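Encoded as structure tokens, the structure appears first; notes follow it.
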Amino acid sequence: MTSLRIAIAGASGRMGRMLIEASLQDEGVTLAAAFDRPGTPFIGRDAGELIGVPCGVAITDDPRAAIAAADCVIDFTRPEGTLVHLDIARELGKSMVIGTTGFTAGEKEAIFTAARTIPVVFAPNMAVGVNAVFKLLEMAARILNEGYDVEVIEAHHRFKVDAPSGTALRMGEVVARELGRNLETCAIYGREGVTGERNAETIGFSTIRGGDVVGDHTVLFAGIGERIEITHKSGSRMPYALGAVRAGRFLAGHANGLFDMQDVLGLR
């Protein structure tokens, strides 16, 4: 079987390094290219050196050349960079796995448009365990559909720039959909002062930022006399990287289309 050639965006970042390691460990893929922003001190260095395993692939600051050398590009960078890479991937006919979060509605529309031409996996969280939680939340929301208040609590490291996290928002979307609500109108993102009694139709979000927390997410269903909590805690970024590489392999069988990890894992 032909090995899938992968290009990794943001190679020297925290997720980039995890993706390099996951790619080098997966026998079904080949690390074909790694790239980063111009001026990054690791440009020209062997990508594998970032994880202590030289691999002969130099980090470049030329995204077009890097994407051209691969079958699939994996991107966990920032929205503005991801959209540039998406345009290149579409022009060159390459598949793309997008783990970047913080997109506006208009930017998401650009991703949806690109997926008409190339295959794209776009998901707020690539970890297999988190996607299992999404399915558990569907079941919980169907059962706990009366008399339970829903709150989403998430914690991340001090360097995360968007809030709530994409994963927390997806959890809220999953629950809202099962409850027949629109998250855009029922979400509460902060409480302060005299707020009055809680509206039973709302879904609350609480955000914690500090230290080196990789990512903790809890959905609380609070009823009278009992609480049900569904929690996922990440001890490292490796589950995200492993899921992303798995998503890349999934796309090898598609000419175009927009997918998420539920599709990759066969959970639809």
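For reference, positions follow the sequence shown, starting with 1. Please read all numbers here as calculations on a predicted model, not as lab measurements.
- Residue Leu220 belongs to a hydrophobic cluster whose other members are Ile153, Ile208, with links defined by side-chain heavy atoms closer than 4.5 Å.
- For residues 32-43, the set of pairs meeting the side chain to side chain donor-acceptor pair (under 3.5 Å) definition, not counting sequence neighbours, comprises Ser12-Asp36.
- The shortest distance between side-chain heavy atoms of Leu267 and Met261 does not fall below 4.5 Å.
- Summarising the hydrophobic clusters (Ile, Leu, Val, Met, Phe, Trp, Tyr; side-chain heavy atoms under 4.5 Å, direct or chained), the residues clustered with Ile67 are Phe35, Val73, Leu83, Val84, Leu86, Ile88, Leu92, Met96, Ile98, Phe103, Ile111, Phe112, Ile118, Val120, Phe122, Leu258.
- Here side chain to side chain donor-acceptor pair (under 3.5 Å) pairs that include residues 163-172, with residues two or more places apart or in two chains, are Asn125-Thr167, Ser165-His217, Arg170-Glu173.
- Looking at His157, its side chain does come within 3.5 Å of a backbone N or O of Phe159 through a donor-acceptor pair.
- Leu136 is not listed as a side-chain neighbour of Phe134, based on a closest heavy-atom distance of 4.5 Å or more.
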Quick one: side chains of residues 237-252, donor-acceptor pairs under 3.5 Å with protein atoms, not counting sequence neighbours, listed by atom name and distance.
residue : atom : partner : partner atom : Å
Tyr240  : OH   : Ser234  : OG           : 2.7
Arg249  : NE   : Asp26   : OD2          : 3.1
Arg249  : NH2  : Asp26   : OD2          : 3.3

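- With a 4.5 Å cut-off on side-chain heavy atoms, Thr30 and Leu4 do not count as touching.
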Side chain to side chain contact (heavy atoms under 4.5 Å, CB included) between Val152 and Ser206, intermediate numbers included: CA-CA 6 Å; Val152 183; Ser206 299; over 6 Å; no
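- Sorted by first then second residue, the side chain to side chain donor-acceptor pair (under 3.5 Å) pairs that include residues 47-63, not counting sequence neighbours, are Arg45-Glu49.
- Among residue pairs with one or both ends in residues 106-118, none qualify as salt bridge (Lys or Arg N to Asp or Glu O under 4.0 Å); sequence neighbours excluded.
- In this structure the side chain of Leu183 reaches within 4.5 angstrom of the side chain of Phe205, judged on heavy atoms.
- Every pair passing salt bridge (Lys or Arg N to Asp or Glu O under 4.0 Å) that includes a residue from residues 206-216 is listed here, sequence neighbours excluded: Glu154-Arg209.
- The side chain to side chain contact (heavy atoms under 4.5 Å, CB included) check on Glu27 picks up nothing, with sequence neighbours excluded.
- Screening residues 75-95 for salt bridge (Lys or Arg N to Asp or Glu O under 4.0 Å) gives Arg64-Glu91, Asp87-Arg90 as the qualifying pairs, with residues at least two apart or on separate chains.
- Between the side chains of Asn131 and Gln262, at least one donor N or O lies within less than 3.5 Å of an accepting N or O.
- Residues Met126 and Val97 form a side-chain contact, since some pair of their non-hydrogen atoms from C-beta on lies under 4.5 Å apart.
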Anything under 3.5 Å between a donor and an acceptor, one on a side chain of residues 185-195, the other on a protein residue two or more places apart or in another chain? List them.
residue : atom : partner : partner atom : Å
Thr185  : OG1  : Asn182  : O            : 3.0
Arg191  : NH1  : Glu151  : OE1          : 3.2
Arg191  : NH2  : Glu151  : OE2          : 2.8

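- The salt bridge (Lys or Arg N to Asp or Glu O under 4.0 Å) contacts involving residues 8-17 comprise nothing, where partners must be two or more places apart or lie in separate chains.
- A 6.0 Å sphere centred on NZ of Lys135 holds more than 12 heavy atoms belonging to other residues, nucleotides or ligands.
- Residue Leu169 holds its CG atom at 8.5 Å from CG of Asp162, rounded to the nearest 0.5 Å.
- Residues Leu137 and Val219 form a side-chain contact, since some pair of their non-hydrogen atoms from C-beta on lies under 4.5 Å apart.
- In this structure, Thr218 contributes its side chain and Ile230 its backbone to no donor-acceptor pair below 3.5 Å.
- The backbone N or O of Gly56 lies less than 3.5 Å from a partner atom in the side chain of Asp46, making a donor-acceptor pair.
- Two residues are said to be in side-chain contact when any heavy atoms from C-beta on lie closer than 4.5 Å; Phe221 and Asp149 fail this criterion.
- The cluster map of Ile, Leu, Val, Met, Phe, Trp and Tyr, joined by side-chain heavy atoms under 4.5 Å apart, puts Val130 and Val175 in the same cluster.
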